[in-house]
2 protein chains.
Amino acid sequence: MLPIGKLSAATGVKVPTIRYYEQIGLLPEPGRSEGNQRLYDRAARDRLAFIRHARDLGFPLEAIRELLSLTDVPTHSCAAADAIARRQLAEVEARIARLDSLRGELQRMISHHKGGTIAECRVIEVLGNHALCQHDHAGETGF
Amino acid sequence: MLPIGKLSAATGVKVPTIRYYEQIGLLPEPGRSEGNQRLYDRAARDRLAFIRHARDLGFPLEAIRELLSLTDVPTHSCAAADAIARRQLAEVEARIARLDSLRGELQRMISHHKGGTIAECRVIEVLGNHALCQHDHAGETGF
DNA sequence: CCTAATTCCTCCAGTGACTATAGGTTCAAG
DNA sequence: CTTGAACCTATAGTCACTGGAGGAATTAGG
């Protein structure tokens, strides 16, 4: 049985984050010691490692909640898990595409930079005058 | 002189967001009508368009604040503006690299998916067992 | 066995960049 | 002159944490 600090060290999830996950119902309330300190078993550690890994892959907590609820019924079809992963992949690909175009514009902005004063600065100029850039950046920022 | 709704339509920045920018000191307090409604001039519109464009490029508000303070002294060297843009480019490139590796792992996860029950699900399995993935995801999530 | 350092507890506030809601006022069109 | 849209302020909520205050419990060293 691990106290919260050891669990944190074992999973790489910070202590306040573990308590936060408990607070929002992503982790069940663990047992307590006589002195009221949380004690975690192996199942809790596995669950937290799962959450950590999914977070690292960019899954939002709501998707993780859904994935966890799937694992609670192991005989259920895994089509839903597959769908969540595909959604996440599409999301990641959209972000990459978006960032690629931002990179292009930033690179153009910087490569035109010749020094001098703010009044002649290409960076400031491009930011101030949208017509100077090829980018359409429709609305959502991607961040 | 534009009321806030017209300014919003002209720049693509939502009304509450404009008021928020004023609140945090990114936009100066505009003049008011007799009935206490905000009225914006051309300078305000240009400044907001600048902010909008920089936000679209992913600059955080603090960087934008700095860029705006640079434009207030047009005779100053633009090296600082260049540095901010380069920092932003580096940030964007780091995010792209990170997302590329996530994409790889998600693709592997999905391509190994064969259907069946949750108990046999590759997606769930990879998420639960870090050893099954090549990805090192060191700590920061990139999101 | 005692002390000191560390870890733990709860609660509350803050982050970034908005977004939404409630409840009221002013403006412009018909 | 009335109606409805647009405006006002203030507050709270979003996501996923992070940090601090102030105090209790545990552990390691002497």
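In what follows, every chain begins at residue 1, and chains take the letters A, B, ... in the order their sequences are listed.
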Starting at [atom1] of [X] and ending at [atom2] of [N], how long is that distance when rounded to a whole Å?
| X | N | atom1 | atom2 | answer |
| --- | --- | --- | --- | --- |
| A:Ile18 | D:dC17 | CD1 | C1' | 13 Å |
| B:Leu26 | C:dG16 | CG | P | 13 Å |
| B:Asn36 | D:dA6 | CG | C1' | 14 Å |
| B:Ile64 | C:dG16 | CD1 | P | 13 Å |
| A:Glu34 | C:dC8 | CD | C1' | 15 Å |
| A:Leu7 | C:dC8 | CG | C1' | 14 Å |
| B:Leu2 | C:dA28 | CG | C1' | 16 Å |
| B:Glu91 | C:dG16 | CD | P | 14 Å |

Residues [X] and [Y] bridged, charged N to O under 4.0 Å:
| X | Y | value |
| --- | --- | --- |
| B:Asp82 | B:Arg86 | yes |
| B:Glu91 | A:Arg103 | no |
| A:Asp41 | A:Arg45 | no |
| A:Glu22 | A:Arg38 | yes |

Side-chain donor-acceptor contact under 3.5 Å, A:Glu105 with B:His53: yes
Toward the 5' end of DNA chain D, by each residue's nearest nucleotide, A:Lys14 or B:Leu39: B:Leu39
Residue whose nearest DNA chain D nucleotide is more 5′ - A:Pro60 or A:Ser33: A:Pro60
Please tell me which of the listed nucleotides, [options], lies nearest to the side chain of [X]?
| X | options | value |
| --- | --- | --- |
| A:Arg38 | D:dT9, D:dC7, C:dT10 | C:dT10 |
| A:Pro3 | C:dT19, D:dT18, C:dC8 | C:dC8 |
| A:Gln37 | D:dA16, D:dA25, C:dT26 | D:dA25 |
| A:Tyr20 | D:dA16, C:dT10, C:dC18 | D:dA16 |

Sugar-phosphate, base or nothing in reach of B:Ile4, heavy atoms under 4.0 Å: sugar-phosphate
Sugar-phosphate, base or nothing in reach of A:Arg19, heavy atoms under 4.0 Å: base
